[in-house]
Amino acid sequence: MSLDEYREFHRRSVEEREEFWEGEARRIDWHRPFERVLDYSEPPFSRWFVGGELNLCHNMLDRHLEERGEQDALVYHSSETEEKHAYTYREVHREVNALAAALREIGVGKGDRVVIYLPMTPKAVFSMMACVRLGAIHSVVFGGFAAGSLAKRIDDARPKAMITADAGMRGGNVVRYKPLVDEALNSATHPPEHVVILNRNLDREMSLTEGRDLDYAQLVDRHRGASVPCEWVESSHPSYILYTSGTTGTPKGVQRDTGGYAVALAASMDHIFDTQAGETFFCASDVGWVVGHSYIVYAPLLCGMTTLVYEGLPVRPDAGVWWRLVEEHGVSTMFTSPTAIRALKKHDPRFMQEPDTSTLRKLFLAGEPLDEPTSRWASESLGVSVRDNYWQTETGWPILSSMNPGLEDEPVVAGSAGFPCAGYDLRLMHEETGRPVTEPGERGILAIQAPLPPGCMSTVWGDDERFVQTYFGDFPGGELYSTFDWATRSEDGRYFIMGRSDDVINVAGHRLGTREIEEAISSHPDVAEVAAVGVKDEYKGQEVFAYVIAKTTEEAGPELEEAVKRTVSQKLGKIARPKRVFFVEALPKTRSGKMLRRSIQALAESRDPGDLSTLEDPQALESLKATTPID
Ligand code: ATP
Ligand code: MG
């Protein structure tokens with residue numbers, strides 16, 4: 001396909017929406033065929049594949065057994081515990097059946113919620129699959145989240161059961177989960193009746209509550225050999241609840257359907273990730289995030305691939321660990337975040353070059369803006385094509401991608417996340433006038449014309465009103481979903497994400513994207529990382545403050561400060577020149593690797609830093625306070 005043919009393919013996906021998705025739906029096994037492709041009778045809500053009945057677990061396991069029973073479905077590697085294990089499709093099927101039988105025994109059935117709070121172990125994947133097998137709705141909470149955040153999610157879901165572990169590990173240190181779980185359960189208003197605990201023997205002092213706490217291994221052992229039929233659910237039956245990263249405020253509970261999600265993921269593996277059944281997919285993320293849900297668990301198994309599940313950091317025991325796994329398991333496609341690649345970039349590229357990674361065709365990155373130097377470094381060190389893709393927890397799969405059918409040989413344009421993926425009818429909206437932006441290069445808010453394509457959120461869990469108001473309240477007509485991201489579009493239709501609309505810096509009426517300022521600053525060779533925020537100013541409305549991590553501490557000084565300011569002036573004009581530059585040792589990020597600019601800004605304006613429930617390292621914010629006294 002050529003670019004023109006892709007445009008035609010994309011046009012068809014939005015203008016002849018129902019025919020297009022009816023075709024894609026053939027990728028999935030339906031127990032009962034759907035009656036209608038789309039019900040959009042209550043805008044902005046959309047229901048896909050109405051009346052169709054299916055089961056996600058059946059589509060991930062049972063239907064592959066005949067052809068792929070002996071193929072590895074899941075390969076596990078933990079650089080924290082040194083555990084390694086491979087499970088064939090047949091073995092995963094057995095594990096999931098036993099666990100589903102155990103959950104059924106403790107009362108979990110169709111529509112019940114199960115909170116999963118586990119580290120990256122195969123049991124986390126089995127737990128998710130056992131839930132959907134029963135028609136139960138999982139809510140995975142990132143392992144190790146603070147008790148308060150866990151309690152909030154428990155109360156939101158009102159679960160029948162919870163699955164957790166004694167502990168997780170991070171960077172060689174044991175993180176005890178059970179005390180956090182107990183604390184959360186004590187403060188929750190709607191605690192579950194039963195808690196299933198995976199004992200990894202990491203916390204020998206773990207205490208159990210009789211009657212409530214059950215041992216995962218014992219429970220599953222009792223049901224070895226059990227066979228639990230798949231619960232056929234209607235296409236719009238919720239498969240799971242998952243919270244956004246909380247970068248811009250309090251996390252939102254996204255509700256996902258079943259049929260639309262299955263179809264969209266299977267289509268994305270073909271059109272965007274260009275994978276084949278039988279190949280090995282390595283998504284280095286965490287099951288606590290949407291990337292992990294979609295591309296560690298659901299999509300690879302829906303498509304008969306082998307999924308590699310990794311527990312640990314990308315740089316421990318050294319920066320070669322991922323690439324040795326690629327060699328050992330013949331990984332064909334990888335997916336991770338720019339943040340992870342930036343962590344690797346601090347190490348010698350020989351770590352990437354020494355293992356034989358010749359099976360690897362493509363590296364996909366998403367989650368944060370992908371800067372050109374990081375992209376180039378990864379592509380040169382690995383010798384593979386690096387592909388940016390842009391999406392959100394809400395959408396469940398990519399909105400924009402530089403890989404789409406026909407774009408294989410199109411040059412990758414630095415800084416662009418690519419073209420709209422099939423099914424997304426995108427608009428760029430002028431923030432003030434609420435009208436579409438027409439000029440190439442002009443900035444606007446990226447919006448999706450409803451009905452949202454299959455796989456996107458159905459609603460906010462338990463709060464339809466919040467769904468409508470939060471996402472569809474910004475533009476006239478009420479049928480435009482706002483991504484809250486700022487973007488531009490080039491003449492040939494490529495999109496460039498410029499940062500979040502909440503983070504836009506307004507200096508004397510000039511609106512600046514955080515991304516452009518940060519990119520200008522990172523282009524300085526002595527800068528490792530930077531966050532730019534807008535801080536209230538009496539005269540100009542806002543001023544730019546830059547928080548810089550220098551490559552070495554010796555460089556952090558007045559000279560570099562001047563150089564940073566000069567670089568911005570030269571690249572973007574005097575108006576964007578930072579008023580202050582602070583050198584810091586760490587920057588506050590969410591657990592999913594996103595910069596918490598709103599908290600930095602709040603500190604700079606002596607305000608409360610807001611909801612910090614998803615903050616990765618509280619120390620980073622503390623050290624920021626200490627090193628950047630604002631006068
Ligand atoms: P919250 O919605 O709670 O504030 P969040 O938006 O960070 O948190 P996620 O759904 O995990 O939660 O992240 C989606 C956001 O990540 C996007 O809206 C966008 O701002 C950013 N993002 C994702 N991929 C890319 C990309 N390829 N380039 C630039 N930004 C990206
Ligand atoms: Mg968001």
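Just follow the structure's listing: the first ligand is 1, and inside any ligand the first atom is 1. Residue numbers count from 1 along this sequence. All of these numbers come straight from a predicted model, not from anything done at the bench.
- A salt bridge is defined here as a Lys NZ or Arg NE, NH1 or NH2 lying under 4.0 Å from an Asp or Glu carboxylate O, and R427 with D425 meets this definition.
- Between G367 and ligand 1, a contact under 3.5 Å exists for at least one N or O pair.
- Considering only non-hydrogen protein atoms, atom 2 (O) of ligand 1 sits nearest to K252 NZ, 3.2 Å.
- For the residues L446, T470, D485, T395, the heavy atom positioned nearest atom 17 (C) of ligand 1 is part of D485.
- Of all protein heavy atoms, the one closest to atom 11 (O) of ligand 1 is S245 OG, 2.6 Å.
- Taking 4.0 Å as the cut-off between side-chain N and carboxylate O, R494 and D492 count as a salt-bridged pair.
- Nearest non-hydrogen protein atom to atom 26 (C) of ligand 1 is E368 O, 3.5 Å.
- Heavy-atom contacts of W391 reach the following atoms of ligand 1: 14 (C), 17 (C), 23 (C), 24 (N) (cutoff under 4.0 Å).
- Considering backbone and side-chain N/O of G246, one or more are found under 3.5 Å from N/O of ligand 1.
- Under the 6.0 Å cut-off for aromatic ring centres, Y261 and Y298 qualify, their centroids lying closer than that.
- Considering only non-hydrogen protein atoms, atom 4 (O) of ligand 1 sits nearest to T248 OG1, 2.5 Å.
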Given the rule in the side-chain contact (heavy atoms from CB on, under 4.5 Å) test, do S599 and L621 qualify, once you have shown the distances and angles that lead to the verdict? CA-CA 8 Å; S599 304; L621 208 60; 4.1 Å; yes
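- Aromatic ring centres of Y177 and Y117: separated by under 6.0 Å.
- Backbone and side-chain nitrogen or oxygen atoms of R515 are examined, and none is located within less than 3.5 angstrom of a nitrogen or oxygen of ligand 1.
- Residue T393 has at least one N or O atom closer than 3.5 Å to an N or O atom of ligand 1.
- Remark: aromatic rings of F273 and F364 are close, center separation under 6.0 Å.
- At a threshold of 4.0 Å, the pair E516-K571 does not count as salt-bridged, since none of the basic side-chain nitrogens sits closer than that to a carboxylate oxygen.
- Residue R500 holds the heavy atom nearest to atom 6 (O) of ligand 1 of all those in K594, R500, Q392.
- Looking at ligand 1, you'll find an N or O of N389 within less than 3.5 Å of one of its N or O atoms.
- In summary, the atoms of ligand 1 found under 4.0 Å from a heavy atom of P369, numbered by their order in the structure, are 28 (N), 29 (C), 30 (N).
- With salt bridges taken as basic N to acidic carboxylate O contacts below 4.0 Å, none links K594 and E616.
- Partner of Y424 under the ring-ring contact (aromatic ring centres under 6.0 Å, His included) criterion, out of F419, W397, Y495: W397 alone.
- For atom 7 (O) of ligand 1, the closest heavy atom belonging to the protein is T247 OG1, 2.4 Å.
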